[in-house]
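If you're wondering where the values come from, they're calculated on a predicted model, not measured in any experiment.
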Amino acid sequence: MRLSIRGKERCCHDVCEDGIAAQKIIFEAEQGNIYTLEKLIATITSRDTDRELDECIAEYLCAYQDSSYQKEYEKHRRVYQELFAKLEIQIEGDDIADRAIRFSNYHTLISLERNDYVHSFSAKGLTGEMYNNFVWWDAEIFQAPVFQQTMPEYSRNPLMFRYSHLKEAREMAVKEGCRGARYPFTTGVTGEETIWTDVRHPFMQIHCVSDVGLSILNYLTATGDHAFVKEYGMEMLLEICRYWVSRVTWKEEKKRYEILQVTGTDEHHPYVDNNAYTNYSVYRVLKATCSLLDEYGSGLDELKKKIGFKVGESAEFEHVAEYIYLPLDEDTGMIPQFDGYFDLSRELEVQGGSKSGYTQMKQAGLYNKSQVIKQPDVLMLFAYQNLDMPKTIYRRNLDYYQGRCEAASSLSYCVHSICYADMDMPESTYGYLMETAEMDLKNKHGGTQDGIHSGCAAGAWMAVVRGVAGMKMTPDKVVCTPHYIPWWKRVTFHCVWHDQGYRVILDYQGMQVIADAKNIGELVLGIYEKDFVLKAGETAEYLFPRISSIWS
């Protein structure tokens, strides 16, 4: 540590007071002078090296002794300027939204460990220790997709975090009497379940298992990185599928598989049967894994030998996928959130004067008897899994479930924003987008002093890119159904698909997609009914229909 006064350094003295080792500098401060205090700290753990730690510390201190805060800050700034450019969204014509999105994107950026996978995204990022920096399902569903589409080279780390803890996930499955891997609802560096033992319902939120599988599939869709999936992803997918085929229940009278006694993303309703989000997610993971097994063929022989994968297991996966119950009322097109949901009261009966802090209930009510939900559950299928249904049926589910949602979770608003963008309803799209982006700028849910809502911050990026720009990744191409906010002049952002970078410009006239000049392959793109194949530097343009042409 050193203190500079008028360019001259003052000496510091080592002291030990009350059992605390410290350094002390005593001087007389004068008004009008600038005093610069610099402290050089080197940190290393035994996980980083096999050498003696004190030797490594001495080397670090020696290497940086001629540096300064300003020099190190400039290095830091250059790195983050380059990183932020990959994640940046620029909104012209709305300074408030532009500021809020930048704030959200900054916190999303710093939430990812780019150089290691000892930890994954945590609920509060680097901003606070509430929730103990645990990793939740938000990591795979809300946070990982942002990096899969902007910095794919770093988005492997959250997947490697899960891969590194396959052992613990397998042990959890055994404890439940199941096969395969059962990933924990919350976890940390040990890979073990870390949820509070006095809260029962999170142990039923086993959708987190298929959420890990969905993240692997989303990574493959965005990157086309089959080599990574063969080496790491398939082992996780096979173990996840093993868990589900041992967890489902066959109903002979209905000739179908059901998933009983679970809690969906909506924590107000624990211990339900056939939660729609869970069942649909399991179906998608099983179907995709079966397809990859066929595609990779003998290329997985070593892996199958390693994990003792038997000949009949793939057929078992296919059978469960074919006969798993996907909740849907075919007469109305409504998706029941779980069995018996529509039989509950549409209103909330309020009793007592307290509420549960764990489940973030807004009122002291009998939620188990009510259709009032904590956060979007069914709507997650449309916003984050791109469930394909006729627009009128999609709209019907959106209208109904939005009306039942009390948005007790910060993860609610980005889902609603994306869904309303799909409906081409800019006022509602924008309103929910700003609820998302300003969540911590305005402390809308309270508790910002304990850390920002990291999943919500990532949702702001998705609300613009997936919502307003209508951009969806598929294995074959990028599909866009762009919309726009009438009072925005222009929106620009950058993404990557299968190693091909591209910039998107969206305004009231239409959308432009410009392939990066450094691309070495082709960018395959669909904007509404038009398809494009772009080489490096080429531009695709789509113009919105003009009013005059509509009425002519």
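- Of the inter-residue distances, the one linking His107 atom NE2 with Met439 atom CE reads 14.0 Å to the nearest 0.5 angstrom.
- Under the 6.0 Å distance and 45° angle rule, Arg78 does not count as a cation-pi partner of Phe84.
- Side-chain atoms of Trp137 and Asp211 form no donor-acceptor pair, as typed in the model, at a separation below 3.5 Å.
- Proximity of the aromatic rings of Tyr154 and Phe147 is defined here by a centroid distance below 6.0 angstrom, and this criterion is not met.
- With salt bridges taken as basic N to acidic carboxylate O contacts below 4.0 Å, none links Glu235 and Lys230.
- Using bins of under 30°, 30° to 60° and over 60° for the plane-to-plane angle, the ring pair Phe161/His165 lands in the perpendicular bin.
- Around the CD atom of Glu82, the shell of radius 6.0 Å holds no more than 12 heavy atoms that belong to other residues, nucleotides or ligands.
- Looking only at side-chain heavy atoms (C-beta outward), Val478 and Val524 stay at 4.5 Å or farther from each other.
- Panel note: side chain Asn519, backbone Gly501; a donor-acceptor pair is recorded below 3.5 Å.
- No donor-acceptor pair under 3.5 Å is formed between the side chain of Thr221 and the backbone N or O of Met473.
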Point to revise | Test log, rule side chain to side chain contact (heavy atoms under 4.5 Å, CB included), inputs Ile527 and Met511 | key: CA-CA 9 Å; Ile527 308 179; Met511 172 182 276; 4.0 Å; yes

Check your understanding: Are Trp487 and Tyr430 close enough, and set up right, to give a ring pair (Phe, Tyr, Trp, His ring centres under 6.0 Å), and what steps lead you there?
Key -> CA-CA 10 Å; Trp487 51 93; Tyr430 181 80; 5.0 Å; yes

Point to revise | Stepwise ring pair (Phe, Tyr, Trp, His ring centres under 6.0 Å) test for Tyr323 and Tyr257 | key: CA-CA 6 Å; Tyr323 288 98; Tyr257 290 101; 7.1 Å; no

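- Side-chain atoms of Glu406 and His268 form a donor-acceptor pair, as typed in the model, at a separation below 3.5 Å.
- Between Gln385 and Ser281 the shortest side-chain heavy-atom distance falls below 4.5 Å.
- Once rounded to the nearest 0.5 Å, the distance linking CZ of Phe532 with SG of Cys480 reads 10.0 Å.
- A parallel orientation is assigned to the rings of Tyr413 and Tyr432, their planes being inclined by less than 30° (bins at 30° and 60°).
- Interatomic distance, OH of Tyr484 versus CG of Asp424, reported as 8.5 Å (0.5 Å rounding).
- Looking at Asp516 and His494, their side chains do bring a donor and an acceptor atom within 3.5 Å of each other.
- In the displayed structure, Lys391 atom NZ is contacted under 6.0 Å by more than 12 heavy atoms of other residues, nucleotides or ligands.
- More than 12 heavy atoms of other residues, nucleotides or ligands shown are found within 6.0 angstrom of CG on Asp329.
- Using a 4.0 Å cut-off between charged nitrogen and carboxylate oxygen, Arg102 and Asp98 count as a salt-bridge pair.
- Side-chain contact between Ile393 and Ile335 is absent, with no heavy atoms from C-beta onward closer than 4.5 Å.
- Crowding of Tyr106 atom OH: a count of heavy atoms from other residues, nucleotides or ligands under 6.0 Å not exceeding 12.
- Heavy-atom contacts from other residues, nucleotides or ligands closer than 6.0 Å to CD of Glu529 number more than 12.
- Using cut-offs of 30° and 60° for the angle between ring planes, the Tyr80 and His76 rings count as tilted.
- Counting heavy atoms from C-beta on, the side chains of Tyr232 and Arg156 never come closer than 4.5 Å.
- Checked against the 6.0 Å centroid criterion, the rings of Tyr277 and Tyr384 do not qualify as a close aromatic pair.
- Between Pro145 and Gln149 there is a side-chain heavy-atom pair separated by less than 4.5 Å.
- In this pair, Trp136 and Phe185 present their aromatic rings perpendicular. The plane angle is above 60°, beyond the 30 to 60° band.
- Ring pair Phe228/Tyr219: centre-to-centre distance below 6.0 Å.
- Between Asp422 and Arg466 there is a salt bridge, since a side-chain N of the basic residue sits under 4.0 Å from a carboxylate O of the acidic one.
- For the pair Pro327 and Tyr325, the minimum side-chain heavy-atom distance is below 4.5 Å.
- Looking only at side-chain heavy atoms (C-beta outward), Ile373 and His269 come within less than 4.5 Å of each other.
- Using a cut-off of 4.0 Å between Lys/Arg side-chain N and Asp/Glu carboxylate O, Glu538 and Lys535 are scored as not salt-bridged.
- Under 3.5 Å, the side chains of Gln512 and Thr539 contain no donor-acceptor pair of N or O atoms.
- Using a 4.0 Å cut-off between charged side-chain N and carboxylate O, Asp531 and Lys477 make a salt bridge.
- Ring planes of Tyr542 and Tyr528: tilted class, angle from 30 to 60°.
- Taken from CG in Asn105 to CH2 in Trp461, the straight-line distance is 8.5 Å, to the nearest 0.5 Å.
- Minimum heavy-atom separation, Ala222 to Gln148: CB-O, 3.6 Å.
- Closest approach of Ala458 to Val146, counting heavy atoms only: O-CG2, 3.8 Å.
- A donor atom on one side chain and an acceptor atom on the other are not found under 3.5 Å apart for Ser454 and Ser111.
- From Leu433, atom CG reaches atom SG of Cys414 across 10.0 Å, with rounding to the nearest 0.5 Å.
- Here Phe342 and Tyr400 bring their ring centres to under 6.0 angstrom of each other.
- Not one N or O on the side chain of Ser210 forms a donor-acceptor pair closer than 3.5 Å with the backbone of Thr278.
- In this structure, the separation between OG on Ser104 and CG on Asp440 is 8.0 Å, given to the nearest 0.5 Å.
- Shortest non-hydrogen contact noted between Phe317 and Cys290 is CB-SG, 3.5 Å.
- Remark: of the listed residues Asp377, Asn274, Asn397, Asp377 is the sole one forming a side chain to side chain contact (heavy atoms under 4.5 Å, CB included) with Gln337.
- Gln205 and His207 are linked by a side-chain donor-acceptor pair at a separation below 3.5 angstrom, with hydrogens and angles left out of the test.
- Here Tyr280 and Tyr283 keep their ring centres 6.0 angstrom or further from each other.
- Taking the charged nitrogens against the carboxylate oxygens, Glu140 and Arg162 do have a contact shorter than 4.0 Å, which makes a salt bridge.
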